[in-house]
Amino acid sequence: MNTPGIFNLGDYALSTAVTGTVITAGSDGAAYIDDLDGMLAANIQIKLAYGSGGTNLKVYVQTSLDQGATWVDVACAVFTTASATKVINLSGLTPKTTAATPSDGAMTDDTALDGVLGDRFRVKITSTGTYATSTTLSVRMMAR
Amino acid sequence: MTPADIKTAYRAFLGEFEPVLIRRYTGAGASRPYFDAEAQARVMGYEPHEIVGTISQGDRKLIVLAEDLIAAQFALPVKKGDKAVVRGVELNIEAADDSTRRVGTELIALELQCRG
């Protein structure tokens, strides 16, 4: 790919419950990171620094194969009331010969869909309960 | 001259660039996350006649090439409260000017007033 490296898929200070909130911001104001054409693999780190409160946080890492018209969950990480870091690696070279049905913010908890890497990524979150005391989420992607 | 030509010329023009990090924190507290984007910048002090208004003695002016931040997909605009890391020292960005160094609507470089 043209620009391998670390990309920020979003940082978010959690407070009141949110549903389907996209936390990614690109340099041009878009709510996604793009120009990832040719990416062969993505190492993704999802980190929650827990403060207090809250009940449940679901983090969906999403890609698109049709220039943002349809977003496809490729990973889902679930957090509750403790600090945690979750790391996955996705490969664009993994054959997928049985069609997968894409979901948008509805992937099964703590699962991933390997082999599907589009030219853009974003993160969508849904939380329940009110998190407080500097509870923050950060998501990074090492693209190569 | 196209904006692309100007961007290319800019690097040669200013000559004395060095890598800096533009850092953005999210949230509060010791464990708040941050994201760094590396960019080439020219780091300068202010001339005596420029020290007026909110610019104080000891402040530094950074001319940061915008295309480096765009390549790193740093969410623009750079804002007051973001940080610049120059030679390992974290400076507060007091003001970010993204108007002066534009060609038409094309942003060529940012002028950052930094303190710390």
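Sequence lines set the chain letters: A, B, ... in the order given, protein chains first and strands last, and positions in each chain run from 1. None of the values given here were measured: they were computed from a predicted structure.
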Please say yes or no: joined through hydrophobic side-chain contacts below 4.5 Å, possibly via intermediate residues, are [X] and [Y] part of one cluster?
X	Y	answer
A/F7	A/Y12	yes
A/V123	A/V74	yes
B/V43	B/I63	no
A/V139	A/W71	no
A/F79	A/I88	yes

Problem set entry | Segment of A/I6 engaging chain B (4.5 angstrom heavy-atom cut-off) | both
Seminar exercise, completed: The interface call for A/D34 against chain B, heavy-atom contacts under 4.5 Å, is both
Problem set entry | Within residues 22-35 of chain B or reaching into it, pairs that qualify as salt bridge (Lys or Arg N to Asp or Glu O under 4.0 Å) - sequence neighbours excluded | B/R23-B/D36, B/R23-B/E90, B/R24-B/D82
Exercise. Should we say atom NZ of B/K83 is surrounded by more than 12 heavy atoms from elsewhere, each under 6.0 Å from it?
Worked result: yes
Exercise. Under a 4.5 Å heavy-atom cutoff, which of A/A13, A/A25, A/S27 has the most pairs with chain B?
Worked result: A/S27
Exercise. Which one of A/I33, A/T135, A/T24, A/D28 has the most heavy-atom pairs closer than 4.5 Å to chain B?
Worked result: A/I33
Problem set entry | From A/S138 atom OG to B/F35 atom CZ, the distance as rounded to the nearest 0.5 Å | 11.0 Å
Exercise. Going from OG1 on B/T26 to CG on A/N8, what distance comes out if it is rounded to the nearest 0.5 angstrom?
Worked result: 7.0 Å
Exercise. Counting a contact as any heavy-atom pair under 4.5 Å apart, which residues of residues 69-78 of chain B contact chain A?
Worked result: B/L69, B/I70, B/A71, B/A72, B/Q73, B/F74, B/A75, B/L76
Problem set entry | chain A contact residues among residues 105-116 of chain B, heavy-atom distance under 4.5 Å | none
Seminar exercise, completed: Shortest non-hydrogen pair, A/S134 vs B/G29, comes out as OG-N, 4.1 Å
Side-chain donor-acceptor distances from residues 35-46 of chain A under 3.5 Å, at least two apart:
{"from": "A/N43", "atom 1": "OD1", "to": "A/R144", "atom 2": "NH2", "distance (Å)": "3.3"}

Exercise. Contact part of B/Y25 toward chain A, heavy-atom cut-off under 4.5 Å: side chain, backbone, both or neither?
Worked result: neither
